[in-house]
Amino acid sequence: MLRQLSIRQKLQLIIVSTSGVVLFLAAVVFAINNSKDYQRNLKADANITVDLIGLATAAGVVFLQPDVVEQTLQNLNLKTNLMSLYIFDNEGVLVSFYQRQGDKKLKLDKLQDYYQLNFEASAFDLSTQTLSFFQQNHLDMFKPLLSTTGKTGFQETSQVGTIFARFDTKELTQQHWKLVKISGLIFILCLFLAYILSLRLHLIITKPIERLLAIIDYVAKNKDYSIRGTKLCNDELGALMSGFNHMLAQIEQRNLKLEEYHNSLEDKVKVRTQELAEARDHALAANQAKSIFLANMSHEIRTPMNAILGYAQILQRDSQLNVEQRENIQIIENSGNHLLALINDILDLSKIEAGAMALNLEQFNLFKLIRNVASMFSIQCENKGLEWRVAYQLPENLLLYGDQGKLRQILINLLGNAVKFTQQGHVLLQVDQVATMGKHQNQYRFLVKDTGRGISQTAQQRIFEPFQQETLDPNQGGTGLGLAISKRQVDLMAGEIYLQSSPQQGSCFTVLLPLVVKQATETAERIEQPIKTVHLADGEKVNALVVDDIKENRDILAKILRDIGANVYSAADGEQALALIKQQPLDIVFSDIRMPKVDGIALIHQLKQDNLTKNLPCIAISASTLLHQNQNVLAAGYDNFIAKPFEFSAIYRCLADYLQVQFVYTRDEKPTTAVETTQNGLKFVQLPCDLYHRLQTAAQFNELTEMEILIEALRQGDLAQQQLADQLQLLLNQYDIEGILRQLTAIDCLDD
């Protein structure tokens with residue numbers, strides 16, 4: 001409760017309490033001292049009274065005249081506080097007594113009776129002393145009765161008896177209570193005066209504190225640190241006020257510095273913001289320029305590629321071509337597709353920069369994938385003198401659903417680093433199933449371990465960052481992107497990758513990937529011949545319009561449609577297309593986007609606004625394949641989008657989807673190639689081991705330029721080597737790297 005009181009109340013309580021305690025102790029001491037004084041005075045007065053009585057009655061006692069003693073007592077003017085008086089002779093026999101009127105007579109016939117009643121008889125010696133005792137409400141006194149005898153100058157004093165007197169102490173009690181009342185009144189008055197004084201005295205302490213609190217409250221509310229408190233005294237409170245003023249001065253100086261820094265910082269922020277805005281504008285402009293460049297490059301390159309691949313597909317449909325002609329056309333188509341893949345890689349740069357790498361999910365055979373990767377690196381390890389170890393127990397028909405290409409690339413990166421940085425010992429590839437994560441989802445572990453020089457702890461912390469390499473040999477270098485790309489691919493596949501390594505102890509990379517299990521079927525393992533679309537079914541009619549400003553593109557698409565039996569109209573731009581649509585009833589429109597006069601966007605807007613043509617299926621065919629451009633085309637009103645160069649099957653699917661037409665199909669039997677017809681003859685080809693291993697290495701790492709050089713070297717050999725060079729060149733033109741590796745496995749290596 002005292003904690004809830006203010007300082008003013010606490011000071012008042014201290015002053016009043018201290019004063020009260022002091023006054024109370026003083027009153028007690030005064031009362032005790034006054035009572036002692038009254039007792040001493042009462043004893044002295046009683047002693048005088050008894051002496052006077054003794055002088056008056058001594059003769060009567062000596063001469064054995066009780067009547068005289070009694071008469072003398074009756075004639076004495078005794079004090080009113082004398083209650084009883086008994087005179088005993090030396091034998092302790094009562095001689096005479098006096099009893100105050102109204103008081104009860106004491107039953108004291110002998111002095112010994114009182115002794116036995118109150119004390120032990122041996123405790124008193126009345127011949128030598130006067131005894132007095134304060135009882136409850138009276139004072140008892142025993143005094144020897146003395147008598148003087150003899151002549152003058154030779155008088156002797158002797159005890160002739162004992163006087164017992166009892167005096168009333170009522171007056172003492174009354175005096176005591178009167179003193180208590182007076183002391184109490186004085187105590188209350190003094191407490192009141194102390195309280196009055198505390199009301200003034202506490203201001204000596206509370207006033208400086210209240211001023212300090214007022215300043216603190218003002219500073220807290222107004223944040224004004226320039227105010228200062230007045231020092232009223234030189235004691236501790238004055239020191240407190242001085243310290244508070246010093247603190248305010250420091251805060252004020254700090255705020256001034258902060259304000260100056262804030263003002264300068266605002267200027268710096270404005271300048272920096274302006275610089276960032278300019279940098280942002282430059283970056284946006286550069287990014288826009290890059291996008292424009294990519295879009296233009298895509299359009300400009302895909303436009304001639306559309307003609308190349310289009311006519312290649314048209315020629316492939318010609319049944320009169322011989323085997324060699326088909327092979328040449330297939331080379332053209334494969335080369336075009338390879339160039340198209342390079343173009344797509346360039347366009348994918350924007351996806352990589354934006355972190356938009358996507359999964360290419362497909363069904364694949366894990367057993368075959370591991371076997372192919374293992375066969376690739378077994379040759380490398382053999383060439384380097386390393387022991388190649390493979391440990392996996394997988395069903396041959398195990399089908400999984402995932403991104404086979406990324407998994408293959410991850411294993412190639414890890415195994416390639418293991419072989420490159422291992423000079424002796426072995427390289428291990430281990431694959432096993434470690435845990436079940438779902439109904440049809442298993443977690444597979446791919447472990448790549450080597451006995452190389454290992455990786456330090458410092459390097460391990462940044463090994464998965466781009467452009468980081470742990471190598472001391474510049475000839476072993478590379479871009480340093482392999483592990484970084486592998487890490488991103490593993491993360492994209494919802495997996496994990498770990499590294500355990502110590503210097504000179506080798507390295508172990510562990511990849512955990514969740515893969516969905518697919519049930520193996522016979523159809524999944526059987527390779528079917530592709531289906532070829534011949535022409536429209538009987539009774540099907542299609543009127544199509546092809547709109548493109550480039551004649552070659554119009555001719556290719558028009559020929560494709562005419563070959564299957566469609567009636568085709570052509571237009572060089574949107575303006576001609578609108579005129580034809582008004583003249584001819586059409587079933588479907590294939591239109592380019594970039595065209596002079598009226599482009600593809602303006603064309604679709606006009607068609608969708610006309611009630612007669614708003615339901616006419618319109619397919620956009622463009623060389624611009626950026627995602628946002630495709631979305632803009634579809635948002636404008638086109639029903640579908642086909643990128644150039646297009647495949648014939650995409651055109652056929654649009655006819656089937658939007659016009660519900662039927663087709664006539666046939667199996668496309670693939671002709672036997674020259675390589676297949678002469679494969680058995682390759683068994684008699686012998687190559688120098690150095691040239692043989694160089695061919696294998698170049699094929700395994702897709703080093704096409706190196707392959708060209710080595711094939712040209714083969715042409716300088718004997719007839720068998722020249723034939724091998726022709727067949728390898730044919731496979732290289734088709735980018736059939738696996739076919740090249742198969743051919744090399746059928747060849748003997750001739751030691752030098």
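Below, each value reflects all heavy atoms present in this structure, side chains not excepted, and no hydrogens, waters or symmetry copies.
Under the 4.0 Å criterion applied to side-chain N and carboxylate O atoms, E387 and R389 are assigned as salt-bridge partners.
Looking only at side-chain heavy atoms (C-beta outward), L429 and V427 stay at 4.5 Å or farther from each other. For the pair L687/L724, a side-chain contact is recorded, criterion being any heavy-atom separation below 4.5 Å from C-beta on. Using a 4.5 Å heavy-atom threshold, the side chains of C508 and L499 count as separate. Taking the side chain as every heavy atom from C-beta outward, T422 and L386 approach each other to under 4.5 Å. For the pair L714/L691, a side-chain contact is recorded, criterion being any heavy-atom separation below 4.5 Å from C-beta on. Side-chain contact between F377 and I412 is present, with at least one heavy-atom pair separated by less than 4.5 Å.
From F509, atom CZ reaches atom CD1 of I497 across 6.5 Å, with rounding to the nearest 0.5 Å. Note: L744 CG to L728 CG = 6.0 Å, rounded to the nearest 0.5 Å. Taking CG from L394 and CD1 from I370, the interatomic distance works out to 7.0 Å, rounded to the nearest 0.5 Å. Summarising the geometry, atom CD belonging to Q443 is positioned 5.0 Å from atom CG belonging to L512; distances are rounded to the nearest 0.5 Å. Atom OG in S622 sits 7.0 Å away from atom CZ in R594 (nearest 0.5 Å). Here CG of L415 is found 14.5 Å from NZ of K449. Values are rounded to the nearest 0.5 Å.
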Kindly determine whether F446 and L513 satisfy side chain to side chain contact (heavy atoms under 4.5 Å, CB included), including the steps that lead there. CA-CA 8 Å; F446 302 86; L513 291 178; 4.1 Å; yes

Step by step, would you call L407 with L366 a side chain to side chain contact (heavy atoms under 4.5 Å, CB included)? CA-CA 10 Å; L407 175 57; L366 181 60; 4.1 Å; yes

Apply side chain to side chain contact (heavy atoms under 4.5 Å, CB included) to residues Y401 and F364 and explain how you reach the verdict. CA-CA 6 Å; Y401 187 73; F364 67 96; over 6 Å; no

Can you check side chain to side chain contact (heavy atoms under 4.5 Å, CB included) on F641 and I621, steps first, answer last? CA-CA 6 Å; F641 179 91; I621 300 180; over 6 Å; no

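Between E396 and N365, the closest heavy-atom pair is O-ND2, 2.7 Å. Across all their heavy atoms, S501 and G506 have their closest contact at OG-O, 2.9 Å. The two residues A699 and M707 come nearest to each other via the heavy atoms N-SD, 3.9 Å. Listed here is the closest heavy atom pair of C381 and W388: SG-CE3, 3.6 Å. Considering all non-hydrogen atoms of both residues, Y638 and I619 come closest at CD2-C, 3.9 Å. Counting all heavy atoms, side chain and backbone alike, Q424 lies closest to T451 at O-OG1, 2.8 Å.
Results of the side-chain contact (heavy atoms from CB on, under 4.5 Å) test with V448 over N413, L428, L414, N417 single out L414 as the only residue that passes. When E362, Q363, K368 are each tested for a side-chain contact (heavy atoms from CB on, under 4.5 Å) with Q404, only one passes: E362.
A side-chain donor from one of E266 and H262 sits under 3.5 Å from a side-chain acceptor of the other.
At least one donor-acceptor pair closer than 3.5 Å links the side chain of K384 to the backbone N or O of V419. Proximity of a side-chain donor or acceptor of Y444 to a complementary backbone N or O of V511 within less than 3.5 Å is not detected. Not one N or O on the side chain of T510 forms a donor-acceptor pair closer than 3.5 Å with the backbone of Y498. Judged by distance alone, the side chain of T697 and the main-chain N or O of R694 form no donor-acceptor pair under 3.5 Å. S502 places no side-chain N or O within 3.5 Å of a backbone atom of Q505 that could act as its donor or acceptor partner. Under the 3.5 Å distance criterion, the side-chain polar atoms of D592 are left unmatched by any main-chain donor or acceptor of A620.
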